[in-house]
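Note that the coordinates shown come from a computational prediction; the quantities given were computed from them, not determined experimentally.
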Amino acid sequence: KVTELVLDNCRSSNGEIEGLNDSFKELEFLSMANVQLTSLAKLPTLSKLRKLELSDNIISGGLEVLAERCPNLTYLNLSGNKIKDLGTVEALQNLKNLKSFDLFSCEITNLEDYRDSIFDLLQQITYLDGFDQEDNEAPDSEDDDDEEGDEDDNDEGEDEAGPPGEYEEEDDEDDGGSDLGEGEEEEEVGLSYLMKEEIQDEDDDDDYVEEGGDEEEEAEGIRGEKRKRDPEDEGEEEDD
């Protein structure tokens with residue numbers, strides 16, 4: 001069930017890498033850069049393979065094998081190999097789905113009218129060495145997907161959150177109103193509290209005066225009772 005396999009810098013033996021065989025039926029991307037491949041004769045059949053990286057090897061021909069075993073290739077990189085003439089590349093005409101083809105650092109790139117010749121020979125391709133016939137750079141599919149995903153996320157965020165400026169202004173207004181209200185309430189509470197304290201202090205003073213008067217009245221009553229008792233005591237002393 002492997003769909004991507006990177007074997008860069010491994011060492012091939014007799015034109016093959018041990019373990020790479022027809023069992024990788026689901027493989028869509030295979031990279032074998034700098035593995036010292038001299039030919040593709042032992043490449044397994046990979047019918048679902050779409051991208052094949054073969055840069056920095058020693059391949060000089062035998063490209064017809066690719067159309068037989070990897071018929072659905074859309075991208076092929078043969079940069080840094082021993083490709084010298086157009087006849088070698090002609091074998092790729094049977095790769096009908098091929099869209100992007102790289103031959104950087106191959107001797108064939110030194111030919112006069114190299115680009116025009118390749119585009120004429122392989123009319124199915126759109127990009128050669130990263131550029132189309134009008135010298136427009138090939139888009140990076142992964143970057144494009146990421147950018148589209150970011151744009152979608154931003155759009156969804158704006159739809160859900162709404163225009164940020166309006167909400168910020170409303171929040172500022174709400175915050176200002178709440179601060180002002182709290183300040184007024186605190187001021188009112190402070191004044192009323194002080195007024196209540198003054199009223200209570202006046203009540204306490206009145207209570208104190210009244211309580212003092214009651215004590216004086218009680219004291220006078222006690223003296224009166226003593227005066228009533230004193231004559232009786234004096235009479236008893238005279239009888240004695």
Side-chain angles (χ1 to χ4, degrees), residues 1-112 114-115 117-119 121-122 124-132 135-146:
K1 295 181 179 181
V2 177
T3 59
E4 296 186 6
L5 184 61
V6 177
L7 300 172
D8 297 351
N9 303 314
C10 294
R11 288 292 174 262
S12 63
S13 176
N14 298 322
E16 66 178 344
I17 293 179
E18 186 177 356
L20 181 61
N21 51 49
D22 295 343
S23 64
F24 290 89
K25 295 179 179 179
E26 302 297 320
L27 207 59
E28 296 179 5
F29 174 83
L30 174 61
S31 183
M32 294 190 295
N34 189 32
V35 298
Q36 297 185 347
L37 273 180
T38 56
S39 76
L40 299 172
K42 296 184 179 181
L43 184 70
T45 299
L46 304 169
S47 60
K48 292 187 178 182
L49 195 67
R50 296 172 58 82
K51 295 184 177 182
L52 180 59
E53 290 271 0
L54 294 171
S55 59
D56 300 322
N57 284 292
I58 320 171
I59 300 169
S60 59
L63 301 184
E64 62 275 359
V65 173
L66 292 175
E68 297 172 5
R69 302 179 188 177
C70 308
N72 292 308
L73 279 182
T74 60
Y75 172 81
L76 175 62
N77 188 352
L78 287 171
S79 302
N81 280 276
K82 303 297 182 180
I83 310 298
K84 298 180 180 180
D85 53 61
L86 295 173
T88 304
V89 177
E90 188 176 1
L92 299 178
Q93 288 179 335
N94 293 324
L95 284 173
K96 302 299 182 182
N97 296 318
L98 189 64
K99 299 299 178 186
S100 185
F101 183 37
D102 289 346
L103 287 169
F104 290 112
S105 302
C106 292
E107 290 185 36
I108 192 174
T109 60
N110 296 324
L111 295 177
E112 188 177 355
Y114 152 70
R115 287 183 58 81
S117 300
I118 295 294
F119 277 117
L121 188 63
L122 304 177
Q124 76 273 32
I125 68 172
T126 303
Y127 299 102
L128 175 63
D129 299 333
F131 293 87
D132 64 12
D135 290 331
N136 297 312
E137 188 173 3
D140 189 327
S141 58
E142 292 182 359
D143 290 344
D144 291 344
D145 292 341
D146 292 341

Rounded distance [0.5 Å steps], [atom1] in [X] versus [atom2] in [Y]:
{"X": "Lys84", "Y": "Thr109", "atom1": "NZ", "atom2": "OG1", "answer": "13.0 Å"}
{"X": "Lys1", "Y": "Lys25", "atom1": "NZ", "atom2": "NZ", "answer": "13.5 Å"}
{"X": "Glu4", "Y": "Lys51", "atom1": "CD", "atom2": "NZ", "answer": "8.5 Å"}

Backbone N/O of [Y] and side chain of [X]: donor-acceptor pair under 3.5 Å:
{"X": "Asn72", "Y": "Ser47", "value": "yes"}
{"X": "Arg69", "Y": "Ala41", "value": "yes"}
{"X": "Asn77", "Y": "Glu53", "value": "no"}
{"X": "Arg115", "Y": "Asp129", "value": "no"}
{"X": "Asn21", "Y": "Ser23", "value": "yes"}

Looking only at non-hydrogen atoms, find the nearest pair between [X] and [Y] and report the distance.
{"X": "Ser12", "Y": "Gln36", "value": "OG-O, 3.2 Å"}
{"X": "Val89", "Y": "Leu63", "value": "CA-CD1, 4.5 Å"}
{"X": "Ile58", "Y": "Asn81", "value": "N-OD1, 3.3 Å"}

#### Entry: Evaluation steps, side chain to side chain donor-acceptor pair (under 3.5 Å), between Asn34 and Asn9
CA-CA 5 Å; Asn34 189 32; Asn9 303 314; 2.9 Å; yes

Determine whether [X] and [Y] make a side-chain contact, defined as any pair of heavy atoms from C-beta on separated by less than 4.5 Å.
{"X": "Val35", "Y": "Ile17", "answer": "yes"}
{"X": "Leu7", "Y": "Leu30", "answer": "yes"}
{"X": "Leu73", "Y": "Leu49", "answer": "yes"}

### Query
Between Ser31 and Asp8, is any side-chain donor less than 3.5 angstrom from a side-chain acceptor?
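Asp8 and Ser31 do have a side-chain donor-acceptor pair below 3.5 Å.
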
### Query
Under 3.5 Å, is there a donor-acceptor pair between the Tyr127 and Asn136 side chains?
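Judged by distance alone, the side chains do not pair up.
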
#### Entry: Pairing residues for Glu26 by the salt bridge (Lys or Arg N to Asp or Glu O under 4.0 Å) criterion, not counting sequence neighbours
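Result, salt bridge (Lys or Arg N to Asp or Glu O under 4.0 Å) vs Glu26: Lys48.
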
